[in-house]
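Here the structure comes first, spelled out in structure tokens, and everything after it is commentary.
Below, chains carry the letters A, B, ... as their sequence lines are ordered, and counting in each starts from 1. Since the model is a prediction, treat every value here as computed from it, not as a measurement.
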2 protein chains.
Amino acid sequence: MNEDDLFRALADPTRRAIFEKLAAGSMNASVLREGMGISQPAMSQHLSVLRSAGLVREERQGRFVNYEVDPDGLTHIAQWLSKYRAYWPARIEALKALLKDMDQ
Amino acid sequence: MNEDDLFRALADPTRRAIFEKLAAGSMNASVLREGMGISQPAMSQHLSVLRSAGLVREERQGRFVNYEVDPDGLTHIAQWLSKYRAYWPARIEALKALLKDMDQ
DNA sequence: TCAATACATAAGCAGTTGCTTATGTGATTC
DNA sequence: GAATCACATAAGCAACTGCTTATGTATTGA
């Protein structure tokens, strides 16, 4: 779970779509695959990449494997991003709102 | 300058190193290449990728081309990240500090 | 226990990536 | 204006990626 794995995992649009879908709520690999237009092994491989990047974690439930967003990966990106805060324009309203949320 | 270009640009460790070096201060491609162990064309190609991703911008100065961090790319990543704020653990102190900086 | 289900792994392949050397293009300097 | 310097582009190539089909491995239920 290093920086390289993280950015490389997010570099693929299909994996970002999977991640985004999981962010809406945890689900198993089969449900996750619905409407994505890829084979079952492809999904399994993508989930493996996301998992070793720390973006997703799994929990076996019977013969299903439930996947959910792992905050660790997101935290790592936030830390990477924070290194460059000197370059952020002051007018990022969305981010300001985010910070206010975090103060609660 | 879409999301795909952004994450794909950051997926390469050499490009992240270039970006990090530029974050410490703008400089031209030759100075940037010092100690990086890649050829001049390789550097030119990396800078081209970073530029079309919106992470870096250039300004010709005589026969030199000065490169600097483009805040647009970072803003875009921050926006992407903010979509998943629901999953951030409350204890991200670094980010909290960042937010306080931005309120000024 | 045997068939079915959910998922992972193996193997192979076409397309992409990052690098190199070679060459082209502006800008400067003599 | 010819040589030089800073950088970009072209072409080619080895390595990597993301996909497929085929097969393996747990888990469940009849």
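The side chain to side chain contact (heavy atoms under 4.5 Å, CB included) test applied to A:R15 returns A:A9, A:D12, A:H46, A:V49, A:L50, not counting sequence neighbours.
Across all non-hydrogen atoms, the minimal contact from B:K21 to B:L32 is NZ-O, 3.1 Å.
Side-chain atoms of B:N66 and B:S26 form a donor-acceptor pair, as typed in the model, at a separation below 3.5 Å.
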What nitrogen or oxygen pairs link the protein and nucleotides 5-10 of chain C at under 3.5 Å?
from	atom 1	to	atom 2	distance (Å)
C:dT5	O4'	A:R63	NH1	3.4
C:dA6	O4'	A:R63	O	3.4
C:dA6	O3'	A:R63	O	3.4
C:dC7	OP1	A:A29	N	3.3
C:dC7	OP1	A:V65	N	3.3
C:dC7	OP2	A:S30	N	2.9
C:dC7	OP2	A:S30	OG	2.0
C:dA8	OP1	A:Y67	OH	2.6
C:dA8	OP2	A:S44	OG	2.6
C:dA8	O5'	A:S44	OG	3.3
C:dA8	N7	A:Q40	NE2	2.8
C:dA8	N6	A:Q40	OE1	3.1

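Atom CD1 in B:I38 sits roughly 14 Å away from atom C1' in C:dT17 (whole-Å rounding). The distance from atom CE of B:M36 to atom C1' of C:dG18 is 13 Å, rounded to the nearest whole Å. A straight line from NE2 of B:H46 to C1' of D:dC7 spans 15 Å, rounded to a whole angstrom. In this structure, the CG atom of B:L50 is 10 Å from the P atom of C:dG18, given to the nearest Å. Between the CZ atom of B:R51 and the P atom of D:dC7 there is a distance of 14 Å, given to the nearest Å.
A:E59 CD to A:N28 CG: the interatomic distance, rounded to the nearest 0.5 Å, is 12.0 Å. Rounded to the nearest 0.5 angstrom, B:I77 CD1 and A:I77 CD1 are separated by 8.5 Å. Taking CH2 of B:W80 as the start and CG of A:L74 as the end, the distance is 6.0 Å to the nearest 0.5 Å.
When the shell of 6.0 Å around CZ of B:R16 is examined, it contains more than 12 heavy atoms from other residues, nucleotides or ligands.
Contacts between residues 10-24 of chain B and DNA chain D, defined by a heavy-atom separation below 4.0 Å, involve no residue at all.
Ring planes of A:F19 and B:Y84: perpendicular class, angle over 60° (limits at 30 and 60°).
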